[in-house]
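Every number for a ligand or one of its atoms is a count from 1 in the order of the listing. Just the heavy atoms: all of them, side chains too, but no hydrogens, waters or symmetry mates, feed the values below.
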Amino acid sequence: MYRADLHIHTTASDGVFAPSQVVLRAKEHGVNLMAVSDHDSILGIGEAAEEAKRHEILLISAVEISTGDEGNIHVLGFGVRQDSQKLNALFSEMALERETRAERIVEKLNKIGLPLTMADIPAGKGAVKGRAQIARALLSKGYISTMQEAFDCYIGSGCPAYVGRTRRDTGDMIALLKEEGALPVLAHPGLMRMDRGIAERNIAVWKSRGLAGIEVYHPAHADSEFPYWHGVARKLGLLVTGGSDFHQPGDKHADIGEMLACWSSCDQDARALLKALT
Ligand code: AMP
Ligand code: ZN
Ligand code: FE
Ligand code: FE
(Lines give C-alpha, C1' and ligand atoms only; values in the text may rest on other atoms or scores of the structure.)
(Ligands and ions follow the chains in the order given, each with its own letter.)
Protein backbone atom coordinates (compact mmCIF):
# COMPACT_ATOMS: atom_id res chain seq x y z
CA MET A 1 0.00 0.00 0.00
CA TYR A 2 1.60 3.24 -1.11
CA ARG A 3 1.55 6.22 1.20
CA ALA A 4 2.88 8.90 -1.09
CA ASP A 5 4.04 12.49 -0.96
CA LEU A 6 5.01 13.56 -4.46
CA HIS A 7 5.88 17.23 -3.93
CA ILE A 8 8.69 18.12 -1.51
CA HIS A 9 11.25 20.95 -1.47
CA THR A 10 14.76 20.85 0.03
CA THR A 11 17.69 23.20 0.52
CA ALA A 12 18.49 22.72 -3.18
CA SER A 13 15.74 25.33 -3.67
CA ASP A 14 13.66 27.09 -1.06
CA GLY A 15 13.04 24.33 1.48
CA VAL A 16 14.71 24.51 4.90
CA PHE A 17 15.61 20.81 5.26
CA ALA A 18 18.47 19.11 3.44
CA PRO A 19 17.56 16.28 1.02
CA SER A 20 18.53 13.60 3.56
CA GLN A 21 16.45 15.35 6.25
CA VAL A 22 13.24 15.35 4.20
CA VAL A 23 13.68 11.61 3.71
CA LEU A 24 13.98 11.09 7.47
CA ARG A 25 10.89 13.22 8.00
CA ALA A 26 8.99 11.19 5.39
CA LYS A 27 10.01 8.02 7.24
CA GLU A 28 8.78 9.47 10.56
CA HIS A 29 5.48 10.37 8.93
CA GLY A 30 4.90 6.91 7.48
CA VAL A 31 5.48 7.88 3.85
CA ASN A 32 6.93 5.09 1.68
CA LEU A 33 6.88 6.76 -1.75
CA MET A 34 8.19 10.28 -2.16
CA ALA A 35 9.37 12.74 -4.76
CA VAL A 36 11.93 15.47 -4.17
CA SER A 37 10.73 18.26 -6.47
CA ASP A 38 12.81 21.40 -6.08
CA HIS A 39 12.12 24.57 -8.04
CA ASP A 40 14.18 24.53 -11.25
CA SER A 41 16.86 22.28 -9.74
CA ILE A 42 17.66 18.59 -9.51
CA LEU A 43 20.70 18.99 -7.28
CA GLY A 44 18.99 17.57 -4.19
CA ILE A 45 17.99 14.28 -5.73
CA GLY A 46 21.29 12.38 -5.39
CA GLU A 47 21.54 12.83 -1.62
CA ALA A 48 17.84 12.09 -1.10
CA ALA A 49 18.04 8.91 -3.17
CA GLU A 50 20.97 7.60 -1.07
CA GLU A 51 19.10 8.25 2.18
CA ALA A 52 15.84 6.79 0.82
CA LYS A 53 17.62 3.52 0.00
CA ARG A 54 18.68 3.19 3.66
CA HIS A 55 15.06 3.49 4.81
CA GLU A 56 13.26 1.40 2.20
CA ILE A 57 11.48 4.42 0.83
CA LEU A 58 10.87 4.55 -2.91
CA LEU A 59 12.15 7.89 -4.16
CA ILE A 60 11.08 9.35 -7.50
CA SER A 61 13.33 12.03 -8.94
CA ALA A 62 11.42 15.18 -9.80
CA VAL A 63 11.65 18.89 -10.49
CA GLU A 64 9.13 21.74 -10.37
CA ILE A 65 9.67 24.10 -13.28
CA SER A 66 8.25 27.63 -13.03
CA THR A 67 6.80 28.64 -16.38
CA GLY A 68 4.16 31.40 -16.32
CA ASP A 69 4.87 34.12 -13.81
CA GLU A 70 1.70 36.01 -12.84
CA GLY A 71 -0.33 32.89 -13.53
CA ASN A 72 1.71 30.84 -11.02
CA ILE A 73 2.05 27.95 -13.44
CA HIS A 74 4.41 25.21 -12.32
CA VAL A 75 5.12 21.92 -14.08
CA LEU A 76 6.39 18.87 -12.21
CA GLY A 77 8.66 16.52 -14.12
CA PHE A 78 8.63 13.05 -12.56
CA GLY A 79 11.43 10.61 -13.28
CA VAL A 80 13.65 13.45 -14.50
CA ARG A 81 17.12 12.16 -15.38
CA GLN A 82 20.07 13.78 -13.69
CA ASP A 83 22.20 13.44 -16.82
CA SER A 84 19.92 15.31 -19.22
CA GLN A 85 22.14 17.86 -20.93
CA LYS A 86 19.24 19.97 -22.15
CA LEU A 87 17.58 20.13 -18.75
CA ASN A 88 20.84 20.77 -16.93
CA ALA A 89 21.53 23.67 -19.30
CA LEU A 90 18.04 25.03 -18.66
CA PHE A 91 18.42 24.75 -14.89
CA SER A 92 21.81 26.54 -14.97
CA GLU A 93 20.21 29.36 -16.94
CA MET A 94 17.30 29.54 -14.50
CA ALA A 95 19.65 29.58 -11.48
CA LEU A 96 21.43 32.61 -12.96
CA GLU A 97 18.14 34.35 -13.63
CA ARG A 98 17.05 33.69 -10.05
CA GLU A 99 20.35 35.10 -8.77
CA THR A 100 19.90 38.32 -10.78
CA ARG A 101 16.26 38.57 -9.73
CA ALA A 102 17.18 38.16 -6.05
CA GLU A 103 19.74 40.98 -6.45
CA ARG A 104 17.08 43.23 -7.95
CA ILE A 105 14.63 42.40 -5.16
CA VAL A 106 17.31 43.16 -2.54
CA GLU A 107 18.02 46.52 -4.23
CA LYS A 108 14.33 47.41 -4.17
CA LEU A 109 14.02 46.40 -0.52
CA ASN A 110 17.01 48.60 0.32
CA LYS A 111 15.38 51.50 -1.50
CA ILE A 112 12.23 51.24 0.60
CA GLY A 113 14.22 51.25 3.82
CA LEU A 114 14.80 47.57 4.51
CA PRO A 115 18.59 47.06 4.57
CA LEU A 116 19.55 43.57 3.40
CA THR A 117 22.40 42.05 1.42
CA MET A 118 22.64 38.91 -0.73
CA ALA A 119 24.66 37.31 2.08
CA ASP A 120 21.57 37.50 4.33
CA ILE A 121 19.59 35.19 2.03
CA PRO A 122 19.72 31.64 3.34
CA ALA A 123 20.70 29.37 0.46
CA GLY A 124 22.61 26.10 0.51
CA LYS A 125 25.60 25.59 -1.78
CA GLY A 126 24.36 25.58 -5.36
CA ALA A 127 20.80 26.29 -4.23
CA VAL A 128 18.53 28.28 -6.47
CA LYS A 129 17.20 31.43 -4.83
CA GLY A 130 13.53 32.21 -4.47
CA ARG A 131 11.32 34.67 -2.74
CA ALA A 132 10.69 32.27 0.16
CA GLN A 133 14.36 32.59 1.18
CA ILE A 134 14.13 36.39 0.89
CA ALA A 135 11.03 36.28 3.10
CA ARG A 136 13.01 34.26 5.68
CA ALA A 137 15.81 36.85 5.58
CA LEU A 138 13.28 39.65 6.22
CA LEU A 139 11.88 37.60 9.07
CA SER A 140 15.25 37.00 10.71
CA LYS A 141 16.09 40.72 10.41
CA GLY A 142 12.88 41.39 12.34
CA TYR A 143 11.32 43.50 9.57
CA ILE A 144 8.22 41.31 9.45
CA SER A 145 6.58 38.85 11.81
CA THR A 146 5.33 36.21 9.35
CA MET A 147 6.50 34.99 5.93
CA GLN A 148 3.07 35.82 4.57
CA GLU A 149 3.69 39.48 5.42
CA ALA A 150 6.69 39.51 3.06
CA PHE A 151 4.52 38.33 0.17
CA ASP A 152 1.58 40.58 1.13
CA CYS A 153 3.55 43.80 1.67
CA TYR A 154 6.92 43.65 -0.08
CA ILE A 155 7.77 40.91 -2.57
CA GLY A 156 4.40 39.64 -3.77
CA SER A 157 2.95 40.64 -7.12
CA GLY A 158 1.97 44.32 -7.09
CA CYS A 159 4.18 45.10 -4.06
CA PRO A 160 7.01 47.67 -4.07
CA ALA A 161 9.87 45.14 -4.15
CA TYR A 162 8.24 42.70 -6.57
CA VAL A 163 10.32 41.46 -9.46
CA GLY A 164 8.80 38.98 -11.91
CA ARG A 165 10.48 35.88 -13.29
CA THR A 166 11.45 35.27 -16.88
CA ARG A 167 8.38 33.64 -18.39
CA ARG A 168 8.63 30.41 -20.27
CA ASP A 169 5.95 28.82 -22.36
CA THR A 170 4.22 26.08 -20.37
CA GLY A 171 3.59 23.91 -23.44
CA ASP A 172 7.25 24.17 -24.47
CA MET A 173 8.45 23.16 -20.99
CA ILE A 174 6.04 20.21 -20.99
CA ALA A 175 7.33 19.12 -24.40
CA LEU A 176 10.95 19.49 -23.27
CA LEU A 177 10.40 17.40 -20.13
CA LYS A 178 8.73 14.70 -22.18
CA GLU A 179 11.46 14.75 -24.81
CA GLU A 180 14.03 14.29 -22.03
CA GLY A 181 12.19 11.27 -20.67
CA ALA A 182 10.36 12.85 -17.73
CA LEU A 183 6.64 12.65 -17.05
CA PRO A 184 5.14 16.17 -17.05
CA VAL A 185 2.42 16.86 -14.47
CA LEU A 186 0.69 20.20 -13.93
CA ALA A 187 1.30 21.32 -10.33
CA HIS A 188 -1.51 22.85 -8.22
CA PRO A 189 -3.87 23.72 -11.13
CA GLY A 190 -6.10 25.59 -8.67
CA LEU A 191 -3.37 28.23 -8.27
CA MET A 192 -3.40 29.20 -11.94
CA ARG A 193 -5.09 32.56 -12.18
CA MET A 194 -7.63 31.68 -14.86
CA ASP A 195 -11.22 30.52 -14.78
CA ARG A 196 -12.00 26.82 -14.88
CA GLY A 197 -13.16 26.76 -18.50
CA ILE A 198 -9.93 28.32 -19.70
CA ALA A 199 -7.88 26.08 -17.41
CA GLU A 200 -9.53 22.96 -18.82
CA ARG A 201 -8.96 24.14 -22.38
CA ASN A 202 -5.31 24.86 -21.61
CA ILE A 203 -4.88 21.47 -19.96
CA ALA A 204 -6.27 19.77 -23.07
CA VAL A 205 -3.79 21.71 -25.24
CA TRP A 206 -0.92 20.85 -22.87
CA LYS A 207 -1.94 17.20 -23.04
CA SER A 208 -1.31 17.36 -26.78
CA ARG A 209 2.24 18.54 -25.94
CA GLY A 210 2.81 15.64 -23.54
CA LEU A 211 1.15 16.55 -20.24
CA ALA A 212 0.57 13.24 -18.43
CA GLY A 213 -1.16 14.25 -15.23
CA ILE A 214 -2.40 16.88 -12.83
CA GLU A 215 -1.62 17.42 -9.17
CA VAL A 216 -5.04 17.16 -7.57
CA TYR A 217 -4.11 16.74 -3.88
CA HIS A 218 -2.24 19.94 -3.04
CA PRO A 219 -2.62 22.04 0.14
CA ALA A 220 -3.61 25.18 -1.81
CA HIS A 221 -6.73 23.39 -3.07
CA ALA A 222 -9.88 23.63 -1.00
CA ASP A 223 -11.56 20.31 -0.12
CA SER A 224 -14.24 21.01 -2.72
CA GLU A 225 -11.57 21.32 -5.44
CA PHE A 226 -10.28 17.75 -5.02
CA PRO A 227 -13.30 16.08 -6.66
CA TYR A 228 -13.37 18.79 -9.32
CA TRP A 229 -9.74 18.38 -10.43
CA HIS A 230 -9.98 14.61 -10.03
CA GLY A 231 -12.92 14.77 -12.45
CA VAL A 232 -10.92 16.85 -14.92
CA ALA A 233 -8.14 14.25 -14.81
CA ARG A 234 -10.61 11.44 -15.39
CA LYS A 235 -12.30 13.28 -18.25
CA LEU A 236 -9.01 14.01 -20.02
CA GLY A 237 -7.37 10.66 -19.26
CA LEU A 238 -4.64 12.16 -17.06
CA LEU A 239 -2.79 10.73 -14.07
CA VAL A 240 -3.55 12.08 -10.60
CA THR A 241 -0.80 13.05 -8.17
CA GLY A 242 -0.62 14.71 -4.78
CA GLY A 243 1.85 16.09 -2.31
CA SER A 244 2.42 18.46 0.57
CA ASP A 245 4.64 21.01 -1.24
CA PHE A 246 6.59 20.87 2.01
CA HIS A 247 9.09 23.70 2.53
CA GLN A 248 9.31 24.02 6.32
CA PRO A 249 7.09 23.20 9.28
CA GLY A 250 4.33 25.68 9.93
CA ASP A 251 4.29 27.73 6.73
CA LYS A 252 1.33 28.03 4.36
CA HIS A 253 2.11 24.68 2.72
CA ALA A 254 1.55 21.27 4.34
CA ASP A 255 3.90 18.94 6.19
CA ILE A 256 5.25 15.75 4.65
CA GLY A 257 2.53 13.11 4.40
CA GLU A 258 -0.25 15.48 5.45
CA MET A 259 -2.17 15.28 2.17
CA LEU A 260 -2.77 11.56 2.80
CA ALA A 261 -5.65 12.54 5.07
CA CYS A 262 -7.68 13.63 2.04
CA TRP A 263 -6.03 11.59 -0.73
CA SER A 264 -8.07 8.40 -0.43
CA SER A 265 -7.10 7.14 -3.91
CA CYS A 266 -3.38 7.52 -3.18
CA ASP A 267 -2.40 3.86 -3.57
CA GLN A 268 -4.23 3.49 -6.88
CA ASP A 269 -2.95 6.85 -8.24
CA ALA A 270 0.62 6.04 -7.18
CA ARG A 271 0.50 2.67 -8.92
CA ALA A 272 -0.70 4.30 -12.14
CA LEU A 273 2.12 6.86 -11.92
CA LEU A 274 4.76 4.21 -11.29
CA LYS A 275 3.47 2.18 -14.23
CA ALA A 276 3.70 5.24 -16.48
CA LEU A 277 7.27 5.81 -15.29
CA THR A 278 8.50 2.35 -16.31
P1 AMP B 1 9.55 32.30 -6.56
O2 AMP B 1 9.72 30.92 -7.14
O3 AMP B 1 10.87 32.90 -6.17
O4 AMP B 1 8.72 33.22 -7.40
O5 AMP B 1 8.80 32.15 -5.19
C6 AMP B 1 7.51 31.57 -5.16
C7 AMP B 1 7.51 30.47 -4.13
O8 AMP B 1 7.48 31.07 -2.84
C9 AMP B 1 6.27 29.61 -4.22
O10 AMP B 1 6.45 28.53 -5.09
C11 AMP B 1 6.12 29.14 -2.80
O12 AMP B 1 6.93 28.01 -2.64
C13 AMP B 1 6.71 30.26 -1.97
N14 AMP B 1 5.67 31.10 -1.36
C15 AMP B 1 4.77 31.88 -1.99
N16 AMP B 1 3.98 32.51 -1.09
C17 AMP B 1 4.40 32.12 0.13
C18 AMP B 1 4.00 32.41 1.48
N19 AMP B 1 3.01 33.24 1.73
N20 AMP B 1 4.66 31.81 2.48
C21 AMP B 1 5.67 30.97 2.23
N22 AMP B 1 6.10 30.64 0.98
C23 AMP B 1 5.47 31.21 -0.04
ZN1 ZN C 1 8.84 27.10 -3.11
FE1 FE D 1 4.59 25.34 -7.04
FE1 FE E 1 6.40 23.44 -4.86
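For the pair Arg25 and Phe17, the cation does not sit on the ring face, since its NZ or CZ is not both under 6.0 Å from the ring centre and inside 45° of the axis.
Here Lys235 contributes atom NZ and Trp229 contributes atom CH2; the two are 10.0 Å apart, rounded to the nearest 0.5 Å. Here the CE-CZ distance, from Met34 to Phe246, works out to 10.0 Å after rounding to the nearest 0.5 Å. Taking CG of Leu186 as the start and CD1 of Ile214 as the end, the distance is 7.0 Å to the nearest 0.5 Å.
Using a 4.0 Å cut-off between heavy atoms, Arg101 contacts ligand 1 through its side chain alone, with no backbone atom that close. Contacts with ligand 1 closer than 4.0 Å are made by side-chain heavy atoms of Asp14 only, the backbone lying farther away. At a heavy-atom cutoff of 4.0 Å, ligand 1 is contacted by both the backbone and the side chain of Arg131. The part of Arg165 lying near ligand 1 is the side chain, judged by heavy-atom distances below 4.0 Å.
Put simply, His253 stays out of reach of the Zn ion (ligand 2), with no N, O or S atom under 2.8 Å from it. In summary, an N, O or S atom of His247 is located under 2.8 Å from the Zn ion (ligand 2).
Taking a 4.0 Å cut-off on heavy atoms, Lys129 fails to register as neighbouring ligand 1. A heavy-atom separation below 4.0 Å is found between Arg98 and ligand 1.
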- Query: Step by step, would you call His188 with His253 a ring-ring contact (aromatic ring centres under 6.0 Å, His included)?
  - Reply: CA-CA 12 Å; His188 41 66; His253 305 94; 8.7 Å; no

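Grouping the Ile, Leu, Val, Met, Phe, Trp and Tyr side chains by contacts below 4.5 angstrom, directly or via other members, places Leu76 apart from Leu43.
Rounded to 10 degrees, the NE2-metal-NE2 angle spanning His9 and His7 at the Fe ion (ligand 4) equals 100°. One finds an angle of 170° at the Fe ion (ligand 4) between OD1 on Asp245 and OE1 on Glu64, to the nearest 10 degrees.
Here the rule is side chain to side chain donor-acceptor pair (under 3.5 Å) with Asp14, and of Gln133, His39, Arg98, Arg131 only His39 fits it. With Asp172 as reference, Arg209 is the one residue of Arg209, Lys86, Lys178 to meet the salt bridge (Lys or Arg N to Asp or Glu O under 4.0 Å) rule.
Proximity to His247 (heavy-atom distance under 4.0 Å) selects the following atoms of ligand 1: 12 (O). Those atoms of ligand 1 that come under 4.0 Å of a heavy atom in Gln148, given as number and element, are 18 (C), 19 (N). Which parts of ligand 1 touch His39 is read off a 4.0 Å heavy-atom cut-off, strictly below it: atoms 10 (O), 12 (O). Listed by number with element, the atoms of ligand 1 under 4.0 Å from a non-hydrogen atom of Gly130 are 3 (O).
Between His74 and ligand 1, not a single N/O pair is under 3.5 Å apart.
Of all N/O/S atoms in Asp14, OD2 sits nearest the Zn ion (ligand 2).
A 4.5 Å side-chain heavy-atom check between Leu109 and Tyr143 finds every atom pair outside the cut-off.
Ser61 places a side-chain N or O within 3.5 Å of a backbone atom of Val80 that can act as its donor or acceptor partner.
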